[in-house]
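Right, one structure below, let's go through it.
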Amino acid sequence: MQNVVGRYEIAAQEDRSAPRTKLSIPAQFRQSGGRAFQTVVHDLSLSGFSCTAVSRVHPGTVCWLTLPGLESLQAEVIWWEDNMAGCAFSSLLSPIVHDNILARYRGDGTVGR
C-alpha cells in the first residue's frame with residue numbers, strides 16, 4: 001500500500017494545479033465499515049473532492065463517494081474541518097468522467113441540459 005500511496009502522492013502533486021471546480025452535487029458518502037449518508041460535493045478535481053460531513057471524519061479514513069449515475073469511487077480523507085471533508089481519490093479520476101460531471105451539473109446541483 002505504501003508504494004501505491006507514494007505513486008498517488010506524486011501524481012496528485014502534479015494534478016494539484018488542475019482546477020477545482022465549485023459544484024453542488026447531491027451524492028452519497030460512506031466511510032469504511034460505516035453506513036452511507038447523503039452529502040453534497042462542493043468541489044471536484046481529477047485528484048479529489050470536498051463534501052459535507054456533519055460527523056467528524058478522521059484523516060486517513062478510507063471512504064467511498066457515489067455520484068448519481070456512477071459507480072462508487074474510493075478515496076481517502078485528507079482533512080476534516082467545520083463539517084467539511086477533503087478527500088483524495090485512490091485513483092485519479094478519468095478526465096472524460098470529470099468533464100462529463102462538469103457538463104452535467106451546474107453550480108446549483110441541478111442537472112444541466
Side-chain angles (χ1 to χ4, degrees):
M1 179 73 177
Q2 187 169 359
N3 191 24
V4 171
V5 170
R7 286 196 319 258
Y8 177 83
E9 287 173 356
I10 291 168
Q13 288 300 321
E14 292 171 0
D15 290 318
R16 294 296 296 172
S17 62
R20 288 192 170 271
T21 304
K22 298 288 183 191
L23 298 167
S24 183
I25 302 174
Q28 286 194 344
F29 183 86
R30 182 174 68 83
Q31 296 178 59
S32 184
R35 297 183 68 114
F37 60 87
Q38 295 297 315
T39 189
V40 175
V41 173
H42 295 283
D43 71 50
L44 182 71
S45 74
L46 295 175
S47 61
F49 63 95
S50 69
C51 68
T52 304
V54 177
S55 299
R56 177 171 282 286
V57 184
H58 297 282
T61 301
V62 174
C63 59
W64 285 267
L65 176 70
T66 306
L67 296 166
L70 295 177
E71 292 184 14
S72 295
L73 302 166
Q74 186 175 343
E76 178 182 338
V77 177
I78 304 301
W79 56 266
W80 182 89
E81 185 177 318
D82 296 330
N83 298 326
M84 293 284 292
C87 303
F89 290 122
S90 297
S91 298
L92 295 176
L93 193 59
S94 158
I96 294 170
V97 171
H98 180 262
D99 290 349
N100 285 338
I101 293 168
L102 297 185
R104 184 173 178 196
Y105 287 91
R106 298 187 301 245
D108 60 2
T110 61
V111 176
R113 295 181 190 217

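Ser94 meets the side-chain contact (heavy atoms from CB on, under 4.5 Å) test with Ile96, Val97; sequence neighbours excluded. Not counting sequence neighbours, the partners of Thr66 by the side chain to side chain donor-acceptor pair (under 3.5 Å) test are Ser72. Scanning for side-chain contact (heavy atoms from CB on, under 4.5 Å) contacts around Leu73 gives Leu67, Phe89, Leu93, with sequence neighbours left out. In this structure Pro68 satisfies the side-chain contact (heavy atoms from CB on, under 4.5 Å) test together with Ile25, Arg104, Tyr105, sequence neighbours excluded. For His98, there are no side chain to side chain donor-acceptor pair (under 3.5 Å) partners two or more places apart in sequence or in a different chain.
Closest of all the heavy-atom pairs between Ser90 and Ala75 is OG-N, 3.7 Å. Ala53 and Trp80 get closest at one heavy-atom pair: O-NE1, 2.9 Å.
Listed by first and then second residue, the salt bridge (charged side-chain N to carboxylate O under 4.0 Å, His left out) pairs that reach into residues 60-75 come to none, sequence neighbours excluded. Within the structure, salt bridge (charged side-chain N to carboxylate O under 4.0 Å, His left out) contacts touching residues 44-53 (residues at least two apart or in different chains) do not occur. Residues in residues 40-51 take part in these salt bridge (charged side-chain N to carboxylate O under 4.0 Å, His left out) pairs, two or more places apart or across chains: Arg20-Asp43. Counting only residues at least two apart or in different chains, salt bridge (charged side-chain N to carboxylate O under 4.0 Å, His left out) contacts with residues 47-57 are absent. Among residue pairs with one or both ends in residues 30-42, those qualifying as side-chain hydrogen bond (donor to acceptor under 3.5 Å, both in side chains) are His42-Thr52; sequence neighbours excluded.
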request  = Applying side chain to side chain contact (heavy atoms under 4.5 Å, CB included), run through Leu70 and Ile101 and close with a yes or a no.
outcome  = CA-CA 10 Å; Leu70 295 177; Ile101 293 168; 3.7 Å; yes
task = Show your reasoning for whether side chain to side chain contact (heavy atoms under 4.5 Å, CB included) applies to Phe37 and Ser55.
result = CA-CA 11 Å; Phe37 60 87; Ser55 299; over 6 Å; no
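Grouping Ile, Leu, Val, Met, Phe, Trp and Tyr by side-chain contacts under 4.5 Å, direct or through others, leaves Val40 on its own. Taking a 4.5 Å side-chain heavy-atom cut-off between Ile, Leu, Val, Met, Phe, Trp and Tyr, the cluster of Ile78 extends to Trp79, Met84.
Leu23 has its side chain within reach of Leu102: a pair of non-hydrogen atoms, C-beta onward, lies under 4.5 Å apart.
The distance from atom CG of Asp99 to atom CG of Leu46, rounded to the nearest 0.5 Å, is 8.0 Å.
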